Amino acid sequence: MLKNVKRDYKGMKEKPKRYSASLVLPKTLVLVGMMGAGKSSVGWRLARKLGVPFSDTDQEVEKAAGCSVADIFETWGEKAFRDAERRVIRRLLAGPIQVVSTGDSAFFDEESQALIKENAISLWLRANPEILYERVIRRDTRPLLFEGDAKQILEEMVEHRYPIYAKADITVESNDDAHEATIERVIETLKKYIYD
């Protein structure tokens, strides 16, 4: 009997390892902010460090739709994408505690913002516009920036969007340093927010 139990245990899927015992999330952490702020790259590393799952809302929408975000916009329009994004956010927030990275406009949708505010801790990953520009200009996956002067478009987006991101529960700077440094700032800020 004992041998069977051991054999069954060996076959079980391992849970994510917890690397940080100093912080336990009381509810899901949702990262908001501009494209290029590092929401996905910081988010999955942070989730791994905390031993919780990671989800990216854009990837989840693409999985559900069976096509890319760009294809959804082109075929069905922004409204269809926002509806799908809202459903994904609702589903993720109803699931286990995790770290969630959102698209740069998700926090503008009033219903999505209300869902996040009610069911999660929202964290604005804030980056200097110069840093954002250096990060996003390297990729051609930002079609909105190539409809004119990319730097000017980005500055206008920053001016319009930063006051909305500022409604997040907490803010952490995403500087031009290593991901680990940003993750440590996130963890320290979360500790103060949760435990103080």
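Throughout, numbering of the chain's residues begins at 1 and tracks the sequence. Note that the structure is a prediction, hence the values are computed from the model and not measured. The basis for the numbers below is simple: all heavy atoms, side chains too, and nothing from hydrogens, waters or symmetry mates.
Lys49 and Glu184 are joined by a salt bridge, as a carboxylate oxygen and a charged side-chain nitrogen come within less than 4.0 angstrom of each other. Of the charged side-chain nitrogens involved, none lies within less than 4.0 Å of a carboxylate oxygen, so that Lys192 and Glu188 do not count as a salt-bridged pair. Between Lys79 and Asp83, at least one side-chain N (NZ, or NE/NH1/NH2) sits under 4.0 Å from a carboxylate O, which counts as a salt bridge. Salt bridge absent: Arg45 and Glu180 never bring a charged side-chain N and a carboxylate O closer than 4.0 Å.
Glu62 and Ser68 share no side-chain donor-acceptor pair at under 3.5 Å.
Closest of all the heavy-atom pairs between Ser40 and Ser101 is OG-OG, 3.3 Å. The minimum heavy-atom distance between Arg185 and Asp177, with the atom names listed, is NH1-OD2, 3.0 Å. The two atoms that bring Ala168 and Phe107 nearest to each other are N-CE2, 3.8 Å, heavy atoms only. What you find for Pro163 and Val158 is that their closest heavy atoms are CD-O, 4.3 Å.
In this structure a side-chain-to-backbone donor-acceptor pair under 3.5 Å is present from Lys39 to Met34. In terms of modelled atom types and a separation under 3.5 Å, the side chain of Asp169 and the main chain of Ser122 share a donor-acceptor contact.
Between Glu60 atom CD and Ile89 atom CD1 the span is 11.0 Å, to the nearest 0.5 Å.
Under the 30°/60° scheme for interplanar angles, the aromatic rings of Trp124 and Tyr162 are found to stand perpendicular.
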